[in-house]
Structure formats: C-alpha cells, structure tokens
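If you read the sequence from its start, that first residue is 1, and numbering goes on from there.
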Amino acid sequence: MAGTPDPATEAFLAHRNLLFTVAYEMLGSAADAEDVLQETWLRWVGVDLGIVENQRAYLVRITTRQALTRLRTLSRRKESYVGPWLPEPLLTAPDVAEDVELADSVSMAMMLVLETLAPTERAVFVLREVFALDYDEIAEAVGKSPAAVRQIAHRARAHVAARRPRGVVSQTESRQALEAFQRAAETGDLQRLLDLLAPDVVFLGDGGGVKQAVLRPVVGADRVARVLAAGLGRIAAMGSLRPAEVNGHPALVLRLDGEIDTVVAVRIDDGLISGLYAVRNPEKLSHMEQETALRR
C-alpha cells in the first residue's frame, strides 16, 4: 500500500522515543541524543532484519554504542566549557511524571549524579536500572562479558546510591517548594529564602560563556540566598517567572520579552532545597518550547 513505511522504518519509529531516552540519559544533551538517533538510523537501515530476533534490543544496542562514542567526545568538550556544565532541560508531558522511576532517572539532580559515572558505568546503570535490560543484552551493547557487566552494575549502583537525593519527593512537595521559592525570589525576601534552603545547598549556573551566570558553584544557604535575592529578584522584575514540567519534575521558567531566558530546577532532600540549577545557555533551551516524549 502506498505510503506504508518499510519494516525497518516502522520498527525504528515504534522505538524512537525509547531510543532518544536511552541516548539522553547517557549524554545529558538532547542535541547530541538526536545526533545519536540519526547515526543509529543509518546503521539500522543496513541491517538484515531477517537475522534480528529482538528489534528493540538490537536498536538499543546500536544506540548505546553510538552514545558511548559520543559521550567520550562530549567529555572533551566539557573540559573546555565555560563555568559549570548542566544537563539540557526538556519540557516534558505529564505522563513522564506519572512514571515515577522514569521521572526520577531524568531529573536534573539525577542527571548530575550520572555525570559522575565513567562512560561504561553510566551505560550499564541506565540500561539495567532504568530500562531493565538483562545482563546478556547489556554485555552485547557495551562489549563486555555478562560477569563484568554484573560487577560494573554493582559498582555503579553503590556510587549512585551514595549521591542521589535522599528519599522519594512527591510532585506536590516539589511544587510547593518551588512556589515558596518563587515568592521569596520575586520579593527578594532573604529570610524566606533561608528557610527553604538546606544548610549545604549548592547553586549551579550554566551560561556556557554566552550568558552571565555564576562561574563556580555557590555553596551554603547564606551565600546562595544572597546571590538569589540580588539576581533572581531583579531579573524576575523584568520578565515573568512561571512553573513548568521539566525533566518530569516541577521547575520554573523565566521569560524575558517573551523568550525563554532561564530554566530553574531544584533538588530536594529532607524537605529542603539542597540543589539549585539555573540553565541560561541559549543552545540548551531549544527543547523547552515543545514537549519531548520520553519512554522506557
């Protein structure tokens, strides 16, 4: 029938959102994840589908290998990056938040934890913990033995467990914390900000050398509150600060003259904001205008 996609195209499109999610969780960059998907497609169309038993697993394997190659290039790029490097924020649909495990895995806080893993550890952790692939499938994808993959998975789990947010934070709790933070920031209320921040809170800003942002992490409630009271209040007065669903969690989006200027995401531990992440680099804001579909 005219207009019907061929089997290779059909299979790729059926799994595209899943493959993008794999690549994004491995890279933290939507632009690079899109490039990985293009490379995956070019390799997939050359495969004899008659020998492929599990199309999903085969496509994930290609995507993982391409993402690992890209991750090493990205690591070199980050070394010369101006100021802190933050993951690229994604405007996400409500169904991402409803899948608690998926939302947790793509949160800005968790993506930063994944940044501390070595490339192969990150791939193994993502494929096992998020996508529940078996060890044999992961071994094929990363070019290791199943026994080695089990060891890597164990090591990566322990590494992530020591650094991930403590406990599960509900959407309601996150939204309430952000609403209170927004009111305090807009009014420049220093005491209210201090009441919301954990004593060891860390504030990271990503301007990529293009927009003004803090060039080093700001640590400690007092220092962070003063930076925010001075900066966010002034900027918010010039534009609009609005809630949005970013990476499966509530966040704030600052618009100036109708254009997205900054995306602010938070990490919450024990009811207090322990991490604040402000992305201002324009190159990282292109996926904030329309929702990105993520799948497991």
same_hphob_cluster([X], [Y]) at 4.5 Å side-chain heavy-atom cutoff:
X: Leu196; Y: Val266; answer: yes
X: Leu18; Y: Val52; answer: yes
X: Trp85; Y: Leu27; answer: no
X: Leu114; Y: Val149; answer: yes
X: Ile152; Y: Met26; answer: yes

TODO: Please confirm whether Arg128 makes a cation-pi placement over Tyr135, using NZ or CZ under 6.0 Å from the six-membered ring centre and within 45° of the ring normal.
DONE: yes

Open item on the list: Quick check: closest heavy atoms across Ala103 and Gly248, and the distance to 0.1 Å?
Closed with: CB-O, 3.8 Å

Is it the case that the side chain of [X] and the backbone of [Y] share a donor-acceptor pair, with hydrogens and angles ignored and the cut-off at 3.5 Å?
X: Glu121; Y: Ala118; result: yes
X: Lys284; Y: Leu86; result: yes
X: Asp48; Y: Gly50; result: yes
X: Thr262; Y: Arg280; result: no
X: Tyr24; Y: Glu88; result: yes
X: Arg296; Y: Val130; result: yes
X: Thr69; Y: Arg65; result: yes
X: Asn247; Y: Val106; result: yes
X: Arg216; Y: Pro84; result: no

Is there a side-chain contact between [X] and [Y] in this structure, where contact means two heavy atoms from C-beta onward sitting under 4.5 Å apart?
X: Gln191; Y: Asp195; value: yes
X: Ile62; Y: Val60; value: no
X: Phe12; Y: Gln55; value: no

- [ ] Give the ring-plane orientation class for Tyr58 versus Trp44, where under 30° counts as parallel, over 60° as perpendicular and anything between as tilted.
- [x] tilted

Just by distance, with hydrogens left out, do [X] and [Y] show a side-chain donor and acceptor under 3.5 Å apart?
X: Asp104; Y: Ser107; answer: no
X: Tyr81; Y: Asp206; answer: yes
X: Glu25; Y: Ser105; answer: yes

Open item on the list: Is it the case that over 12 heavy atoms from other parts of the model lie below 6.0 angstrom from the NZ atom of Lys144?
Closed with: no

Open item on the list: Arg77 vs Asp32, test: salt bridge (Lys or Arg N to Asp or Glu O under 4.0 Å). Steps then yes/no.
Closed with: CA-CA 12 Å; Arg77 214 190 305 161; Asp32 285 285; 3.0 Å; yes

- [ ] Before accepting this row, confirm whether a basic side-chain N of the pair Glu34/Arg16 lies closer than 4.0 Å to the acidic partner's carboxylate O.
- [x] yes

